[in-house]
Amino acid sequence: MYSLQLRLTIMPSACDSLIEDIEDMVSSSDPTPHERQSARKSIIPRSRKKKELNHEELHADSLIPGTQKIWMKTWGCSHNNSDGEYMAGQLAASGYKMTDDPTEADLWLLNSCTVKNPAEDHFRNSIKKAQDQQKKVVVAGCVPQAQPRMDYLKGLSIIGVQQIDRVVEVVDEAVKGHSVRLLGQKKDGGRRLGGARLDLPKIRKNPLIEIISINTGCLNACTYCKTKHARGDLASYPIEELAERARQSFQEGVCEIWLTSEDTGAYGRDIGTDLPTLLWRLVEEIPEGAMLRLGMTNPPYILEHLEEMAKILNHPRVYAFLHVPVQSASDSVLMDMKREYCIDDFRRVVDFLKEKVPGVTIATDIICGFPGETEEDFQETVDLVKLYRFPSLFINQFYPRPGTPAAKMQQVPAHVKKQRTKELSQLFHSYNPYDHKVGERQHVLVTEESFDAQYYVAHNKFYEQVLVPKRAEFKGKMIEVDIYEAGKHFLKGRPVEDSKPFTPSLAAPLQKGEVSGLMQVNAYTCKYIHSYRSFFSLIDFHSTVNQSDVKANAQRYK
């Protein structure tokens with residue numbers, strides 16, 4: 001049976017002895033909730049006069065878990081977004097109502113990012129705002145995992161990054177006013193696991209896109225990185241589990257898959273396999289017209305797979321796109337960062353892929369003002385950007401994160417960091433990488449709506465953003481367009497008149513907010529949460545499961 005080891009901060013009660021495990025409180029001889037319900041049917045209530053009720057003091061806990069509204073906010077990377085989707089799905093499957101309106105929510109679930117100071121500031125401010133509005137709060141993500149003893153987290157319930165499969169337990173207790181912290185690491189026979197099971201229910205932010213975490217943690221020890229403190233060392237999911245997750249996603253109408261992790265290039269090194277082996281297995285599951293997007297990979301772990309990676313990026317169902325962070329073009333700075341490669345290694349990756357994968361999009365990251373960065377170091381980075389004219393460039397001003405080695409180094413003055421960030425941004429905006437695309441005819445996959453709601457957003461083979469007319473029949477389809485305009489970050493495409501939209505999905509996509517994977521885990525979830533709630537609330541969990549979702553999914557998988 002799954003262990004429910006919770007650390008509870010509870011008001012004094014009648015219990016005199018400390019019980020280490022919830023399972024110690026429920027034995028096999030105890031009646032099940034179903035038996036309790038049956039027993040209730042044989043009880044005949046005794047009628048009372050109305051005036052007696054007026055003088056009777058009611059002692060009851062009206063906070064029944066699973067009946068509240070929850071608002072969730074996620075900051076950070078696609079890995080964090082995937083975790084958020086899983087948490088939302090489990091809560092919805094157990095009866096909670098997820099809402100987009102924070103004011104009407106009973107509880108706020110805040111899923112944090114620790115990469116930069118501003119992200120943590122927003123997280124901390126949201127906690128204060130929730131408390132000012134008398135909302136219950138549960139925190140998750142990398143900030144509380146890395147620093148659970150921060151003053152502003154005192155008394156709050158915490159879900160660790162490897163404990164997202166237990167979000168319902170934590171929220172149940174938070175609703176009742178208890179403080180629960182689950183921060184442990186998942187292991188199997190002493191080996192660290194990648195995290196929660198992949199077949200848990202989730203609510204996809206975009207029903208057409210499935211985000212799959214292929215591993216958690218990484219093999220690096222970058223001196224500026226706080227995420228390592230939270231996600232830890234590399235732990236990969238088995239290939240067949242990932243293939244099964246992809247297969248299920250396509251059966252639910254998904255037409256695009258994103259692979260994510262702290263470093264996808266390092267995948268498999270802890271379990272005796274590698275990224276190309278995984279990718280060749282996954283493309284077997286991708287229907288015609290659907291697409292796979294690779295996540296971020298650091299240079300050291302892609303160098304030995306360049307030949308295979310080029311072949312994979314040329315595959316018609318894989319975007320010719322790779323995110324390879326360089327951070328700096330100075331070997332001196334890279335050494336201080338402990339990035340484990342030199343700038344020639346990065347150039348080798350880019351040059352090889354550009355030669356073998358014509359038109360490939362290489363996205364990269366740069367940190368401006370890392371401790372010890374001289375003007376000469378910075379100019380090397382400027383020269384690199386001038387050379388490659390990256391179409392997608394993430395420019396970050398350095399922020400010292402508490403507890404990292406870089407925070408103790410001699411800092412570059414704030415005004416210098418700001419100036420370098422501004423100069424590099426101006427260089428990036430000085431060129432337009434897509435002008436030569438005007439006049440091309442392309443096949444694009446339409447997956448979402450633009451921020452201004454005026455267009456649908458599609459992507460071509462090179463994962464370049466193409467805006468197309470907002471016609472309902474295009475959503476989730478592969479269409480053919482003529483490119484007639486180019487901007488800094490986008491192209492605009494006019495649908496080819498004689499071309500018909502192609503549907504890559506194997507089934508109709510789930511509706512927005514609908515729970516994915518409910519049938520696969522319904523029995524497990526019911527049994528698990530049923531026993532947990534039966535003790536604390538003496539209610540039958542089956543009454544809280546959304547039966548319409550169960551029936552809808554049953555029809556879908558017939």
Side-chain angles (χ1 to χ4, degrees), residues 1-26 30 33 58-73 87-88 90-98 102 105-112 123 126-141 143-145 147-184 196 525 528-541 543-544:
M1 189 174 179
Y2 198 69
S3 175
L4 303 180
Q5 295 180 351
L6 304 182
R7 188 169 73 197
L8 306 181
T9 304
I10 311 178
M11 296 297 291
S13 67
C15 298
D16 295 323
S17 60
L18 179 64
I19 298 177
E20 296 291 342
D21 197 307
I22 289 176
E23 290 179 354
D24 296 337
M25 308 170 83
V26 184
D30 291 336
L58 180 63
H59 294 281
D61 184 1
S62 60
L63 294 175
I64 300 175
T67 62
Q68 290 75 24
K69 293 182 179 180
I70 297 176
W71 177 70
M72 184 171 69
K73 171 71 175 177
M87 288 191 284
Q90 292 170 86
L91 291 166
S94 68
Y96 288 102
K97 177 177 174 55
M98 304 304 296
D106 303 291
L107 180 144
W108 287 14
L109 174 54
L110 305 174
N111 188 19
S112 63
F123 171 62
S126 293
I127 291 174
K128 185 178 185 305
K129 186 175 181 180
Q131 293 170 331
D132 290 345
Q133 295 182 25
Q134 305 299 309
K135 305 290 186 182
K136 304 286 186 183
V137 181
V138 173
V139 295
V143 172
Q145 179 73 55
Q147 294 179 290
R149 294 182 179 85
M150 294 290 286
D151 286 343
Y152 68 88
L153 298 178
K154 285 183 179 178
L156 298 182
S157 289
I158 296 176
I159 303 164
V161 295
Q162 284 206 310
Q163 302 289 340
I164 61 170
D165 55 341
R166 302 176 69 179
V167 62
V168 176
E169 301 169 52
V170 178
V171 169
D172 280 355
E173 290 307 306
V175 162
K176 294 184 287 185
H178 304 156
S179 176
V180 183
R181 295 191 167 198
L182 295 179
L183 295 165
T525 306
Y528 175 46
I529 304 176
H530 182 117
S531 62
Y532 173 77
R533 283 189 174 151
S534 66
F535 175 77
F536 283 103
S537 304
L538 299 181
I539 62 172
D540 187 348
F541 173 63
S543 66
T544 70

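Note that these values count all heavy atoms, side chains included, but never hydrogens, waters or copies made by symmetry.
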Check: Considering all heavy atoms of both residues, which atom of Ser179 and which atom of Ser157 are nearest to each other, and what is their separation?
Finding: CA-OG, 3.5 Å
Check: When you look at Arg166 and Leu182, which way does the side chain to side chain contact (heavy atoms under 4.5 Å, CB included) test go after all the steps?
Finding: CA-CA 8 Å; Arg166 302 176 69 179; Leu182 295 179; 3.7 Å; yes
Checklist line | Where Asp172 and Gly66 come nearest, the two heavy atoms and their spacing | finding: OD1-N, 4.3 Å
Item checked: Short side-chain to backbone donor-acceptor contact, Arg181 and Leu156, under 3.5 Å -> yes
Check: In Å and rounded to the nearest 0.5 Å, what is the CG to NZ distance from Leu107 to Lys69?
Finding: 14.0 Å
Checklist line | Nearest non-hydrogen partners of Met72 and Ala88, listed with the distance | finding: CE-CB, 3.8 Å
Next item on the list: Might you point out which heavy atoms bring Ile164 and Ala196 nearest each other, and give the distance in Å?
Entry: CG1-CB, 3.6 Å
Note to self: Between Gln145 and Val161 (side chain of the first, backbone of the second, donor and acceptor by atom type, cut-off under 3.5 Å), is there such a pair?
What the structure shows: yes
Notebook entry, point to check: Do the side chain of Ser112 and the main chain of Val143 share a donor and acceptor less than 3.5 angstrom apart?
Noted result: yes
Check: What heavy-atom pair brings Ile70 and Ala105 nearest, and what distance separates the two atoms?
Finding: C-CB, 4.1 Å
Notebook entry, point to check: Counting distance only, does the side-chain N/O of Gln134 pair as donor-acceptor with the main-chain N or O of Ala130 below 3.5 Å?
Noted result: no
Check: How far does NZ of Lys135 sit from NZ of Lys129, to the nearest 0.5 angstrom?
Finding: 10.5 Å
Check: Which atom names give the shortest non-hydrogen contact between Gly177 and Lys136, and what distance separates them?
Finding: CA-NZ, 3.9 Å
Next item on the list: Could you tell me the separation between the CD atom of Glu169 and the CD atom of Gln90, rounded to the nearest 0.5 Å?
Entry: 9.5 Å
Notebook entry, point to check: Ile127 and Leu153: side chain to side chain contact (heavy atoms under 4.5 Å, CB included), yes or no, with the steps?
Noted result: CA-CA 9 Å; Ile127 291 174; Leu153 298 178; 3.9 Å; yes
Check: Checking side chain to side chain contact (heavy atoms under 4.5 Å, CB included) against Met87, which of Val170, Leu109, Val171, Val168 comes through?
Finding: Leu109
Note to self: Any heavy-atom pair between the side chains of Tyr96 and Val175 that's under 4.5 Å?
What the structure shows: yes
Next item on the list: Check side chain to side chain donor-acceptor pair (under 3.5 Å) between Lys128 and all other residues, then give those that pass, not counting sequence neighbours.
Entry: Asp132
Item checked: Ile158 backbone acceptor or donor facing Gln163 side chain under 3.5 Å -> no
